[in-house]
Amino acid sequence: SGRLPVGYDGISPTYSFSEGAKRVFEGKKAVTMTFSTESKNYNTPASVTLYVRILPKPIAVEWSGLSFVYDGTAHLPAALADECEIEVSGAGVDAGDYKAVAKAKSSDYEVTNNEISFIVEKTENVWTTEPSVKDVYEGDEPSVYAAALFGEVNYKFYKDAALSEPQELP
């Protein structure tokens, strides 16, 4: 409710609204605006019907965790807002540049800074089992074992210590 401009007699008409939309999901709603006046000099205006729609409240999120080191798992920055819960999509696993997208879990809010770039950086692969070779005798194939944190270990064998002559194994 409220007051309109004052008439020549110093009395302003008042108005009030019927209950209208309160949440975004309600969509378009009809609202009746009713006028009244205590002035004897003016006729009370007729009521009018208005249509209103509640728009989502714009909010900004605070992003954190924009850089990760590859470890074989999915990584995703965090996005926080005081007004509502936020969900983030666009996780990255392999080393590279990615884009995350934030969305409010409630339709009553709309995230204004909803996209951000983040990076998964390369990592150093480490041995989980150091490479080892059993003694090899003429005619035997080398028996090598090693394990790395990421991926499968591939071996190359050479005939000489200078690593200049690759050896093909059967």
Side-chain angles (χ1 to χ4, degrees), residues 1-130 146-155:
S1 65
R3 299 187 78 68
L4 294 171
V6 176
Y8 282 117
D9 61 3
I11 300 172
S12 64
T14 59
Y15 62 91
S16 62
F17 292 99
S18 64
E19 188 168 321
K22 294 181 179 172
R23 305 282 308 270
V24 170
F25 67 81
E26 294 179 69
K28 184 169 95 172
K29 269 196 114 168
V31 175
T32 303
M33 186 176 186
T34 307
F35 301 94
S36 62
T37 184
E38 295 178 10
S39 174
K40 295 179 180 159
N41 298 315
Y42 299 101
N43 292 326
T44 303
S47 296
V48 293
T49 300
L50 310 167
Y51 291 92
V52 297
R53 180 182 339 224
I54 304 298
L55 298 175
K57 178 182 178 182
I59 60 169
V61 295
E62 184 176 324
W63 289 99
S64 63
L66 302 178
S67 179
F68 303 92
V69 175
Y70 174 81
D71 63 3
T73 64
H75 293 285
L76 198 57
L80 297 173
D82 293 333
E83 296 86 352
C84 67
E85 289 185 57
I86 302 294
E87 57 187 20
V88 180
S89 61
V93 176
D94 294 329
D97 295 322
Y98 295 91
K99 184 179 288 188
V101 178
K103 181 180 178 193
K105 286 188 176 182
S106 167
S107 63
D108 291 333
Y109 300 94
E110 183 175 15
V111 179
T112 55
N113 60 332
N114 65 331
E115 291 185 355
I116 197 155
S117 294
F118 70 99
I119 188 169
V120 176
E121 296 179 22
K122 292 180 180 182
T123 188
E124 289 294 321
N125 203 354
V126 294
W127 295 115
T128 55
T129 302
E130 290 290 328
L149 184 58
F150 302 110
E152 184 178 317
V153 178
N154 293 314
Y155 305 98

Plane angle bin for F68 and F118 - parallel if under 30°, tilted between 30 and 60°, otherwise perpendicular: perpendicular
Mark yes or no for whether [X], through its side chain, and [Y], through its backbone, hold a donor-acceptor pair below 3.5 Å.
{"X": "T112", "Y": "I59", "answer": "yes"}
{"X": "T128", "Y": "A147", "answer": "yes"}
{"X": "S47", "Y": "T32", "answer": "no"}

How many angstroms lie between CG in L66 and CG in L76, if you round to the nearest 0.5 Å? 10.5 Å
Which pairs with one or both residues in residues 58-70 pass side chain to side chain donor-acceptor pair (under 3.5 Å), sequence neighbours excluded? S67-E121
Listing, residues 80-98 side-chain donor-acceptor contacts under 3.5 Å, not counting sequence neighbours, or none:
residue	atom	partner	partner atom	Å
Y98	OH	D94	N	3.3
Y98	OH	D94	O	2.6

Might you point out which heavy atoms bring F150 and N125 nearest each other, and give the distance in Å?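 F150 and N125 have their closest heavy atoms at O-ND2, 2.7 Å.
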Minimal non-hydrogen separation, T49 against A30, with atom names: CG2-CB, 4.1 Å
For N113, give me all partners under side chain to side chain donor-acceptor pair (under 3.5 Å), at least two apart in sequence or on another chain. none
Mind checking what makes side chain to side chain donor-acceptor pair (under 3.5 Å) contact with S36, not counting sequence neighbours?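 Once residues adjacent in sequence are excluded, the partners of S36 under the side chain to side chain donor-acceptor pair (under 3.5 Å) criterion are T14.
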Who pairs with E115 by salt bridge (Lys or Arg N to Asp or Glu O under 4.0 Å), at least two apart in sequence or on another chain? K99
Taking the side chain as C-beta and beyond, is there a heavy-atom pair between V52 and F17 under 4.5 Å? no
In a table with atom names and distances, give each donor-acceptor pair under 3.5 Å that connects a side chain of residues 37-45 to protein atoms at least two apart or in another chain.
residue	atom	partner	partner atom	Å
T37	OG1	S39	N	3.1
S39	OG	D9	OD2	2.3
S39	OG	N41	N	3.1
N41	ND2	D9	OD2	3.0
Y42	OH	Y8	N	2.9

